[in-house]
Amino acid sequence: MSSAADSDAAASPVGAEGEAAAASGEAWSPVAEEWAARWGRVADPAREEIVRRAGIGAGTRVLDAGCGSGELAAQLESVGASVSAVDAAPGMVALARRTAPAADVQLAAIDRLPFSDGVFDAVIAVNALQFADDMAAALVELGRVTAPGGVVAVANWAERARNDLDTLETAVALDDGDDPDDLVDLDYRLPGGLEALFAEAGIPVEWSSTVDVPWSAASDDDLARGVLLGEDDDTIAARAPILVAAARPFATPAGGYLLRNAFHVVLGRVPR
């Protein structure tokens, strides 16, 4: 959906679905450190809401599915949970092992988990489910490793209209010559989209909401490097004016930018 997602050398903060995600999958290892620095905390409000709603605490067996740089795994460790985590990018796995040293972090895709049936009390996927070729099948896999009565929780970017970040990615895509008619929300980003996937996977929804996940950039350069994560310096310099112009409505008096974004969050419970 953006120039970053279209490039083998870059990774879009919003991400891509299915084949587009697979095509850019190798991008995540080289940018793991920069991702953590620029985007690692953006999903914290959604993570905190999930941990609270799921009642996760000391001794809870939790899987962080698509753990990225390990921020959720570290948060789960801090409340005393027994944490396992997986990610498909070796660079992210290495970073997550440093971020959450007590967690069992393994290299694996979320639709092919290396665990037996029903071994977790809660399975959480934050900004990760869309990287599976078949999101409903991946959700079935998350449910498979969750104990009967256990929680499966998913958080993903909400519809484009709720995300200022999409305004910037759209500006870059249009500059690339993309057809405006192609820049539309995929079903899972729309209201009710994740709930529909839970229904398809046979996991009853217990709670859902939309959570604000703002992102800030301190300067024009910070903005461009964040949105064009993984691009080379020449590309960033060439694209920065496009992004700065598109981000003008989000400028702050201090000279930076505040982008208001949102995640849809769904919590389901595996039938007993």
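FYI, the numbering just counts along the sequence from 1.
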Does [X] use its side chain to pair, donor to acceptor, with the backbone of [Y] at less than 3.5 Å?
X	Y	result
D87	M92	no
E77	A102	yes
T146	G150	no
R97	V105	yes
N261	L165	yes
S29	G91	yes
E34	L229	no
D121	R61	yes
T235	E231	no
N127	N156	no

Check [X] against [Y] and note the closest heavy-atom contact, atom names and distance.
X	Y	result
G268	F198	N-CE2, 3.7 Å
G192	E195	CA-OE1, 3.1 Å
A155	A46	CB-CB, 4.2 Å
L183	A173	CD2-CB, 4.0 Å
L139	L129	N-CD1, 4.1 Å
R225	D233	NH1-OD1, 3.1 Å

Find out whether [X] and [Y] are in side-chain contact, i.e. whether some heavy atom of one side chain is under 4.5 Å from a heavy atom of the other.
X	Y	result
P204	P271	yes
V62	S84	no
F115	V86	yes
V145	L63	yes
L267	V152	no

For a side-chain contact (heavy atoms from CB on, under 4.5 Å) check, start with the C-alpha distance between N163 and W157, then their side-chain angles and the critical distance, and finish with the verdict. CA-CA 8 Å; N163 286 281; W157 296 95; 3.1 Å; yes
Which residues pass the salt bridge (Lys or Arg N to Asp or Glu O under 4.0 Å) test with D175, sequence neighbours left out?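 Salt bridge (Lys or Arg N to Asp or Glu O under 4.0 Å) check on D175 returns R239.
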Identify whether [X] and [Y] are in the same connected component of the hydrophobic contact network (ILVMFWY, side-chain heavy atoms under 4.5 Å).
X	Y	result
I242	L168	no
V93	L95	no
V151	W207	yes
V205	V140	no
V211	V126	yes

Interatomic distance, [X] atom [atom1] to [Y] atom [atom2] [nearest 0.5 angstrom]:
X	Y	atom1	atom2	value
S216	F250	OG	CZ	14.0 Å
L142	D111	CG	CG	9.0 Å
D221	L243	CG	CG	11.0 Å
D104	D64	CG	CG	12.0 Å
D187	M135	CG	CE	9.5 Å
Q75	I50	CD	CD1	9.0 Å

Please check if atom CZ in R260 has more than 12 non-hydrogen atoms from other residues, nucleotides or ligands closer than 6.0 Å.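 Not more than 12 within 6.0 Å, no.
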Would you check, one step at a time, whether the test side-chain contact (heavy atoms from CB on, under 4.5 Å) holds for I56 with V79? CA-CA 8 Å; I56 294 170; V79 299; 4.2 Å; yes
Salt bridge (charged side-chain N to carboxylate O under 4.0 Å, His left out) assessment of R189 paired with D166: CA-CA 12 Å; R189 292 188 65 179; D166 276 288; 2.6 Å; yes
List the steps, then state whether side-chain contact (heavy atoms from CB on, under 4.5 Å) holds for L197 with Y188. CA-CA 8 Å; L197 286 171; Y188 77 89; 4.0 Å; yes
What I want to find out is whether R53 reaches E48 closely enough, with some N-O distance under 4.0 Å, to be called a salt bridge.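 Salt bridge absent between R53 and E48.
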Using the salt bridge (charged side-chain N to carboxylate O under 4.0 Å, His left out) rule, take R38 and E33 through it: C-alpha gap first, then chi angles, then the decisive distance, then the call. CA-CA 9 Å; R38 297 186 183 279; E33 297 281 354; over 6 Å; no
Under the salt bridge (charged side-chain N to carboxylate O under 4.0 Å, His left out) criterion, do R144 and D117 qualify, and how do the steps go? CA-CA 5 Å; R144 178 187 67 79; D117 294 357; 2.7 Å; yes
Residues D44, R47; criterion side-chain contact (heavy atoms from CB on, under 4.5 Å); working and verdict: CA-CA 5 Å; D44 277 357; R47 295 175 183 131; 2.6 Å; yes
Should the pair W39 and W215 be assigned to parallel (<30°), tilted (30 to 60°) or perpendicular (>60°) ring geometry?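 Parallel, since the angle between the ring planes stays under 30°.
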Take Y257 and D220 through the side chain to side chain donor-acceptor pair (under 3.5 Å) test and state the conclusion after the steps. CA-CA 8 Å; Y257 300 89; D220 292 354; 2.6 Å; yes
For R160 and T167, which I'm curious about, is there any donor-acceptor pair between the side chains at under 3.5 Å?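 Distance-only check fails for R160 and T167.
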Would you please say whether a donor-acceptor pair under 3.5 Å links the side chains of E159 and H264?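 Yes - a donor-acceptor pair under 3.5 Å links their side chains.
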